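Remarks on the structure that follows.
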Amino acid sequence: MAQFERRILCIGGGHVGGPTMAMVAARCPRYEVTVVDVNGERIQAWQTDSLPIYEPGLLEVVKQARGRNLFFSTDIAAAIDRAEVIFVSVNTPTKTFGEGAGKAPDLQYWEKTARTIVEASRGNKIVVEKSTLPVRTAHAMERILNSNRKGLRFEVLSNPEFLSEGTAIRDLEHPDRVLIGSHETPDGVAARDVLIEIYAHWVPREQIVTSDIWSAELSKLASNAFLAQRISSINSISALCERTAADVVEVTRAIGLDGRIGKRFLEASVGFGGSCFKKDILSLVYICESYGLDEVARYWESVVSINEYQKKRFVQTMIRAMFDTVAEKRIALLGFAFKKDTADTRESAALLVARKLIEERAVVVVTDPKALANARADLRDAPEGRVVFEKDPYLAARGSHALAVLTEWDLYRSLDYRAMFDSMEKPAFVFDGRNILDHEALHAIGFNVFPIGKPPLKHF
Ligand code: NAD
Ligand code: UGA
């Protein structure tokens, strides 16, 4: 394969590794790009048109390069040996055991990867942290890699990923910025230049930002913390709106018009989900605690606490509104994914809502256009008969006492709510956890409507 100018590898072919490498391969046809993963099924699926993750526009990008200069493999050792630049994009979930359990990131997959790289390498390499990691992880990575006895030299860079699920392709194609952290040594700068050259194939040079490694690592955690903090801030205000008859949408509009605050990422909701916000904030909290910065830790921890509060508050509103009991009531959950345009249900608010309703002995009917398989896996331990999975939202609504919108899928904006109302038990309720429906119109149909952060519209 000598015809390729560079050989790039990504270890970890998940939500980040797959789409990111597909974009690199599509935009850099003269580079060989290989994605490896320990999960053989995932690698198999990447080679078909049923990709392992759902992401609008992803298949088209994969198809531009697959078989030309984009390859998928489970032969990790061989791929490491061939590559000059190795991105590491393995998962870094919250630790569930031992020291730091429930807060610190579990770095076992990360560390295993470093050791595998050392074992399989016969030449010097650039290793790029793509996963989100605690500040100063690169130091540990460098120690493991450079304590090899083969005389090999590994240069570590931090290149955190800022894409969001559901818009990954757009985010990769037109990133707000690409961040590259490196050492200011001749080798560090040379490695950084290689990475800059890859991104410069499609990202304007002024949007490729460089920094030291520690700042790059911390910028990723801080970025997610700031984004999540905006949601918790507006969600905390939504609780006050519900008590005072103020309208959170009006408040958001008014404050968002201040250019210093801005409009984006200020939508009140049932609570943020996804695999990263909670884990990354808890990771930040853990680092702060480990440096004795307890006040800083408590500040960021409150972002997660408000989110937990918001999810629980939503269920409490449902139960109170439905005459303090939902036992044996059929309740349709419209959406289970943590946001629209993804099948991902990790940390989805819907999961907590479903579990709480099941605890209350309701019969929960889950519908979602893409996430039903994941929802089934998430709720596999639910007691017999307590959960039904239904692709068709109209069938989900039939015979239900309530609808709860938990994911902002576009299709839910334009359902025939009159037909749904007619097929439901009365009084019928809508709990709009995303404020995407026309509340006045639903009220006029006959629903009792409970939005987020607005006074309810009731018939009694
Ligand atoms: P993911 O779980 O979808 O994918 C990770 C993949 O790594 C899995 O397929 C797993 O099998 C593989 N893997 C684990 N250990 C391995 C090993 N030793 N060798 C080879 N493969 C291995 O996770 P993700 O969502 O892609 O996230 C990866 C990292 O990127 C995390 O640190 C996350 O915080 C960060 N991140 C995620 C997003 C997102 O939107 N999901 C965005 C930005 C950053
Ligand atoms: C988030 C960040 O937006 C990305 O920049 C980052 O790369 C990524 O985490 C990561 O590190 O994994 P993601 O979790 O995929 O991306 O999706 P978001 O669009 O951020 O949504 C997260 C959650 O917040 C969703 O549940 C969403 O519905 C909710 N949200 C978002 C709100 O409740 N209100 C808003 O205004 C925006």
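The shown structure was predicted, so the numbers you read here are calculated from the model rather than taken from an experiment. Indexing begins at 1, ligand by ligand and atom by atom, following the structure's order.
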E197/R192 ion pair, N-O < 4.0 Å: no

Sorted by chain and residue number, the residues with a non-hydrogen atom under 4.0 Å of ligand 2 are E161, F162, L163, S164, E165, K220, N224, L227, I231, F265, L266, E267, S269, F272, G273, C276, F277, F338, K339, R434

Which class fits the ring pair Y199 and W202: parallel under 30°, tilted 30 to 60°, perpendicular over 60°? tilted

Against heavy atoms of E165, which atoms of ligand 1 measure under 4.0 Å? 39 (C), 40 (O), 41 (N)

Run the numbers for me: atoms of ligand 1, each under 4.0 Å from some heavy atom of K220, listed by number. 43 (C)

D381/R355 ion pair, N-O < 4.0 Å: yes

Under a 4.0 Å N-O cut-off, is there an ion pair linking R115 with E119? no

Give me the residue, atom name and distance of the protein heavy atom closest to atom 29 (C) of ligand 1. V90 O, 3.4 Å

In terms of ring plane angle, is the pair W300 and F226 parallel, tilted or perpendicular, where the classes change at 30° and 60°? tilted

If you scan protein heavy atoms around atom 4 (O) of ligand 1, the nearest is G14 CA, 3.2 Å

Plane angle bin for Y54 and W409 - parallel if under 30°, tilted between 30 and 60°, otherwise perpendicular: tilted

Is there side-chain contact between F336 and L372, with heavy atoms separated by less than 4.5 Å? no

Using a heavy-atom cut-off of under 4.0 Å, does the side chain or the backbone of C276 touch ligand 1, or both, or neither? side chain

Atom indices of ligand 1, in the order listed, that fall short of 4.0 Å to a heavy atom of I11: 19 (N), 20 (C)

Quick check for you: to the nearest 0.5 Å, what is the distance between F431 atom CZ and I319 atom CD1? 9.5 Å

Ligand 1 atoms in contact with S89 (distance to a heavy atom under 4.0 Å): 5 (C), 28 (C)

Give, for atom OH of Y412 and atom CG of L403, the distance between the pair rounded to the nearest 0.5 Å. 10.5 Å

Residue-level breakdown please: for L163 versus ligand 1, do any non-hydrogen atoms fall below 4.0 Å on the side chain, on the backbone, on both, or on neither? both

Considering only the protein, which heavy-atom contact is closest to atom 11 (O) of ligand 1, and what is its distance? D37 OD1, 2.6 Å

Can you pull out the closest protein heavy atom to atom 1 (P) of ligand 1? Residue, atom name and distance to 0.1 Å, please. R42 NH1, 3.7 Å

For atom 14 (C) of ligand 1, what's the nearest protein heavy atom and its distance? N91 OD1, 3.2 Å

Between V16, T20, I43, flag the one that comes closest to atom 27 (O) of ligand 1 by a heavy atom. V16

NZ/NE/NH1/NH2 to OD/OE distance under 4.0 Å, E308 and R313: no

among protein heavy atoms, the one nearest atom 25 (O) of ligand 1 is R346 NH2, 3.2 Å

For N39, counting its heavy atoms only, list the atoms of ligand 1 lying under 4.0 Å from any of them. 11 (O)

If you round to the nearest 0.5 Å, how far is CG of L352 from CG of L406? 10.5 Å

Contact atoms of ligand 1, heavy-atom distance to T113 under 4.0 Å: 18 (N)

Atom 43 (C) of ligand 1: nearest protein contact (heavy atom, Å): E161 O, 3.2 Å

Taking NZ, NE, NH1 and NH2 as the nitrogens, is one of them in D49 or R66 under 4.0 Å from a carboxylate oxygen of the other? yes

Measure the spacing between CG of L195 and CG of L179 and express it to the nearest 0.5 Å. 10.0 Å

Which residue owns the protein heavy atom closest to atom 17 (C) of ligand 1, what's the atom, and how far is it? V38 CG1, 3.8 Å

Sidechain N-carboxylate O distance under 4.0 Å for E161, K130: yes

